[in-house]
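A short worksheet on the structure shown next.
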Amino acid sequence: MLAAATAALADLNTYPDASASRMLAAIAAATGAPEEHLATGTGSVGLLQQIVQATAGEGDEVVFAWRSFEAYPIVVQVNGARAVPVALTQDEHHDLDAMAAAIGPRTRLVLLCSPNNPTGTVLSRESVEKFLAAVPQDVLVVLDEAYAEFVRDPEAVDGLDLVAAHPNLCVLRTFSKAYGLAGLRVGYAVAAPEVAAALRATAVPFGVSAAAQAAVIASLAVPELLAERVGAIVAERDRVAGALRRRGWTVPDPHANFVWLRLGTRTADVATQLEAAGLLVRPYGGDGIRITIGDPAANDRLLAALP
């Protein structure tokens with residue numbers, strides 16, 4: 001991947017392929033999604049911003065679970081729409097019944113996140129299909145699956161399996177997480193052809209660089225390396241979660257590359273204590289911390305440093 005991206009830098013004086021045709025073909029081959037159902041952008045969050053801009057303006061509403069990906073309320077507010085956050089259940093899952101009830105006449109968009117960032121919980125296929133059946137057809141549902149490659153639950157939703165049957169569903173994926181290409185900013189959407197076409201038409205011209213396109217194509221050509229990398233992270237994730245539980249911590253079943261600890265008012269103190277031990281975690285206000293899984297030695301240091 002690094003070699004492919006580096007080689008592409010030799011043509012820095014030229015613009016990248018605006019249609020990202022070779023990359024789109026590689027994504028289509030890897031996912032089984034027809035190219036007319038695909039759009040690419042500067043990370044899945046870049047595509048999310050395009051979606052919000054296209055669907056929700058002043059006075060419109062966007063429903064999402066909370067706490068979830070911190071960009072959701074920011075992107076909604078920037079576009080002048082009104083955020084409608086719906087509290088997670090006590091076990092850190094989306095409350096899909098409450099989210100369905102929160103949809104009103106001004107709702108234009110619903111955001112689902114599975115695995116949820118930062119709690120790591122996953123939505124089941126059955127629950128998402130039930131939810132989609134309850135959502136009006138003129139409301140777009142975005143299923144953000146940035147961490148999909150880390151999921152091992154056979155009952156978990158795979159948005160790619162649902163798009164064909166649900167024209168108001170848009171699935172977001174990224175190469176920033178499992179593929180390790182966060183600095184190159186590449187994501188893709190899978191949706192009904194008219195939604196994908198609208199995303200392609202409103203994309204920032206030349207937004208995905210030639211180096212990023214080359215790295216994605218090279219990454220998709222070696223799925224065995226992705227499986228090896230993700231498998232090692234998943235094994236460490238489960239080891240860390242198990243160790244924390246044995247020590248009395250409450251840890252939701254993790255399905256991404258991190259674990260979540262709800263700490264409430266202790267959040268800042270615990271994050272500061274870990275930083276003093278040379279360990280950086282992601283604190284979320286007065287809610288808790290997200291611990292990204294590192295190598296075994298770093299994970300052992302974390303377990304030793306936690307109070």
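No side-chain donor-acceptor contact under 3.5 Å links Thr42 to the backbone of Gly46. A donor-acceptor contact shorter than 3.5 Å links the side chain of Ser114 to the backbone of Leu123. In terms of modelled atom types and a separation under 3.5 Å, the side chain of Asn79 and the main chain of Val76 share no donor-acceptor contact.
Clustering of Ile, Leu, Val, Met, Phe, Trp and Tyr side chains at separations under 4.5 Å leaves Val204 isolated, with no partner residue. Hydrophobic cluster membership for Val151: Val122 (Ile, Leu, Val, Met, Phe, Trp, Tyr linked by side-chain heavy atoms under 4.5 Å, directly or transitively).
A 4.5 Å side-chain heavy-atom check between Leu261 and Val251 finds at least one atom pair inside the cut-off. Within the 4.5 Å cutoff, no side-chain heavy atoms of Asn116 are placed close to those of Tyr147.
Between the side chains of Thr202 and Gln50, at least one donor N or O sits under 3.5 Å from an acceptor N or O. With 3.5 Å as the limit, one finds no donor-acceptor pair spanning the side chains of Arg67 and Asn117.
In Glu275, the CD atom is not crowded: 12 or fewer heavy atoms of neighbouring residues, nucleotides or ligands sit closer than 6.0 Å.
For the pair Glu129 and Arg125, the salt-bridge criterion is met [side-chain N within less than 4.0 Å of a carboxylate O].
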List the atom pairs, with distances to 0.1 Å, where a side-chain N or O of residues 156-171 and a protein N or O form a donor-acceptor pair under 3.5 Å, not counting sequence neighbours.
unit_1 : atom_1 : unit_2 : atom_2 : d
Asp158 : OD1    : Leu160 : N      : 3.1
Asp158 : OD1    : Arg173 : NH2    : 3.0
Asn168 : ND2    : Val139 : O      : 3.0

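Judged as a salt bridge (charged side-chain N to carboxylate O under 4.0 Å, His left out), and not counting sequence neighbours, Arg266 has no contacts. Scored by the ring-ring contact (aromatic ring centres under 6.0 Å, His included) test, Tyr284 finds Trp260 as partners (sequence neighbours excluded). Every residue meeting the salt bridge (charged side-chain N to carboxylate O under 4.0 Å, His left out) condition with Arg262, not counting sequence neighbours, appears here in chain and number order: Glu92, Asp287. Scanning for salt bridge (charged side-chain N to carboxylate O under 4.0 Å, His left out) contacts around Glu70 gives Arg282, with sequence neighbours left out. In this view, Arg152 and Val230, Val234, Arg237 satisfy the side-chain contact (heavy atoms from CB on, under 4.5 Å) rule, not counting sequence neighbours. When the ring-ring contact (aromatic ring centres under 6.0 Å, His included) test is applied to Tyr188, the partners found at least two apart in sequence or on another chain are Phe175. With sequence neighbours left out, the side-chain contact (heavy atoms from CB on, under 4.5 Å) criterion links Ala305 to Leu274, Ala277, Leu279. Looking at residues two or more places apart in sequence or on another chain, you find a side-chain contact (heavy atoms from CB on, under 4.5 Å) between Ser21 and Asp17, Ser19. Listed by chain and number, the residues in a side-chain contact (heavy atoms from CB on, under 4.5 Å) with Arg200 are Ala39, Ala196, Ala197 (sequence neighbours excluded).
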